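In what follows, a single structure is set out as structure tokens and then discussed.
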Amino acid sequence: MICDVVFDLPLRRAFSYAVRPGLKLARGQRVRAALQGRARVGIVVALREGDEHGLKPVDGAVEPVPILSAATLELCRWAAAESLSSWGSTMLSLLPPPPRARAAEPVAPAPEPQPASPTAPELWTGASREARLIEELESSQDATLLIAPDRDTAGRWAERLDAARLDSGASASARRAAWFAASRGRARIVAGTRSALLVPLPPPAKLVLLDEHDPAHKPPGPPRLHSRDLLLRRAALEGNRLLLLSATPSAETWWRAQSGHVARRDGGAAAWPAVVSADTRGILRHHPVTPVLGRAIADAARAGRRTVLIVMRAASALACDDCGVLLRCPDCAVPLARAPGALRCRLCGRSEPLPTRCPGCGGHHLSLFGWDAERVEAAVHRRFPRLTISRKDRGAQVLIGPATVLKGRASGSLGCVGVIALDALLRVPDFRASERALELLWAAAEAVGAAGRVVVQTLHPEHEAIRAARDQDLAGFFEHELKLRLELGYPPFRRLCLVSARSRSAPEAQALLEECGAALRGIPGLIVYPPAPLSGAGTHAGRWRFLIKGPEELPRLISQPLGPFVERRRRLGGMVEVEMDPLE
DNA sequence: AGCACGCCGACT
DNA sequence: GTCGGCGTGCTC
């Protein structure tokens with residue numbers, strides 16, 4: 001007997017091993033086998049009769065039963081093809097870590113899902129979505145998998161629902177135990193992050209994705225696939241119900257709902273705060289707080305309620321007062337961000353000492369441009385000397401931080417949220433900037449509740465994201481947004497793929513990308529954009545990229561020509577990375 | 001991805 | 001004369 005095994009390698013092919021007579025193996029089972037003399041963990045993808053001559057034997061099984069069902073094996077094969085990565089790395093990055101030695105943990109095989117009558121995935125929006133979810137889960141006996149965008153959120157929900165945890169917040173053995181307990185129906189609800197996506201569940205099962213729009217559902221690295229896309233596929237194959245929860249869904253999911261592939265369950269309007277914009281013209285240059293926001297902070301404090309001020313990441317740079325030039329990274333051309341005692345490029349990480357004179361005109365008047373948390377804290381402290389102001393203490397009267405400080409707050413727990421400079425977010429050269437702005441303002445409105453106030457400082461008070469957040473109008477926002485996406489040929493109407501190369505020098509990276517581009521020439525239906533530095537206009541950095549725009553079947557069209565570049569990444573001293581459906 | 005093999009520069 | 005850089009190729 002021969003078995004074919006895939007490993008956590010960037011290789012498409014499987015490796016064949018001899019199965020010794022006494023060893024009972026099945027597809028989907030984890031095994032240890034020698035690869036280049038070292039024992040490694042792989043997954044059996046096929047068993048067949050054949051000539052075992054010259055094959056090394058499998059050392060043994062990691063668990064006595066398959067950890068993945070045949071259906072899940074196929075699900076992962078699809079996911080790997082869809083993301084141009086290998087079958088093995090896709091599967092192994094989604095499994096709990098193997099036990100160090102042979103452990104006698106009680107395990108049950110992954111149940112083979114029974115294809116049930118398909119039910120349309122559901123998109124739950126609106127005020128009461130989380131309360132409705134808890135009600136739904138408590139009134140049901142179905143096995144349920146809850147996927148959260150991050151560990152904190154997974155932990156909160158696990159506690160709230162008394163669920164077993166399957167993310168890296170739990171120990172490796174606890175994760176394995178939860179995995180096999182879920183497959184036997186012993187743990188009715190399991191909660192986790194991406195690493196829990198493949199947990200086998202006895203039918204009928206329910207799949208839940210929290211904060212469907214969150215880019216944390218597709219972090220860098222394998223599996224290079226959005227959790228939403230994997231769950232949509234899994235639910236369709238297994239006939240499971242899938243609930244996608246989000247206050248501000250992605251345009252992709254909204255479009256699916258609009259075209260009838262997803263059923264929208266709108267929880268209705270919430271009691272909503274006033275969302276007001278404050279014109280920053282002539283003010284932001286000198287002070288981070290407009291009179292409107294200043295009054296809101298004072299009012300909240302007087303009412304004994306807390307304020308959160310949102311600043312954008314890397315919002316502060318150094319500019320010359322004489323010639324107006326912004327200090328940029330010599331390699332990447334993006335503005336250098338202020339770090340303690342230095343300037344740092346947030347792209348390549350290079351650190352420069354704080355200069356005393358302008359590299360352009362030699363002037364001595366260099367001043368900060370933009371408002372980071374540190375500068376805002378100092379300015380607000382001067383303005384409100386009697387309030388407690390902090391960048392860390394969640395209990396301070398005024399808390400200053402990035403958008404993530406709004407995560408996990410009960411509705412109505414804040415008196416005021418101020419967005420110091422929404423324009424810093426809108427200026428980002430990303431077609432999803434509007435969506436991100438809406439997400440931020442909506443989260444702010446939910447966090448303050450009806451009695452609070454959201455103040456948005458901007459030069460664009462008429463921006464669609466601000467209007468939609470003020471009017472609590474998702475439908476209006478997406479009508480506008482999807483029209484733009486269609487006109488410009490962006491997702492969900494076209495698919496994107498980002499091909500990037502890293503090398504010592506720009507010419508090397510460019511040459512490497514030139515090779516990739518040449519391999520794609522002549523494929524109908526693709527638009528291959530010319531290579532550009534990874535961000536900004538720097539021409540010296542060895543990080544370049546190009547974008548491919550194409551139809552739904554884009555991964556199938558480019559997997560053959562780009563295959564050699566992803567399989568053998570070290571060529572000409574550079575590395576090629578291919579990312580389907582990039583979020584940045 | 002690791003790891004070995006292999007061919008050109010600075011050292012006890 | 002060797003030690004060691006990392007470019008290229010292979011792993012059942």
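Sequence lines set the chain letters: A, B, ... in the order given, protein chains first and strands last, and positions in each chain run from 1. Here the structure is a predicted model, which means the values were calculated and not measured.
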**Message:** I'd like to know if A:E238 pairs up with A:R233 as an ion pair, taking the criterion as any Lys NZ or Arg NE/NH1/NH2 lying under 4.0 Å from an Asp or Glu carboxylate oxygen.
**Reply:** no

**Item:** A:R485 bridged to A:E435 by N-O distance under 4.0 Å
**Value:** yes

**Prompt:** Is a side-chain donor-acceptor pair under 3.5 Å present for A:S500 with A:E577?
**Reply:** no

**Request:** Quick one: label A:L11 by what it contacts on the DNA or RNA (base, sugar-phosphate, nothing), any heavy atom closer than 4.0 Å.
**Result:** base

**Asked** Does a nitrogen or oxygen in the side chain of A:R13 sit under 4.0 Å from OP1 or OP2 of C:dC12?
**Response** no

**Message:** Can you tell me which nucleotide in B:dG2, C:dC12, B:dA1 comes closest to the side chain of A:S16?
**Reply:** C:dC12

**Request:** Round to a whole Å and report the spacing from CE of A:M575 to P of C:dG7.
**Result:** 13 Å

**Request:** Check every strand shown and say whether A:A34 touches a base, only sugar-phosphate, or nothing at a heavy-atom separation below 4.0 Å.
**Result:** sugar-phosphate

**Request:** Rounded off to whole Å, could you give me the CD-to-C1' distance for the A:Q36 and C:dC12 pair?
**Result:** 11 Å

**Item:** Separation of B:dC3 C1' from A:F7 CZ (nearest whole Å)
**Value:** 15 Å

**Fill in**
In whole angstroms, the gap separating C1' of C:dT11 from NZ of A:K56 amounts to 8 Å

**Message:** Nearest whole Å is fine: how far is C:dT11 C1' from A:L55 CG?
**Reply:** 13 Å

**Prompt:** Which whole-number value in Å describes the distance from A:F15 CZ to B:dC3 C1'?
**Reply:** 13 Å

**Asked** Under 3.5 Å, is there a donor-acceptor pair linking the side chains of A:R228 and A:S250?
**Response** yes

**Spacing between A:D4 atom CG and C:dT11 atom P, to the nearest angstrom** = 15 Å

**Request:** Report the distance from atom CG of A:L512 to atom P of C:dT8, rounded to the nearest whole Å.
**Result:** 11 Å

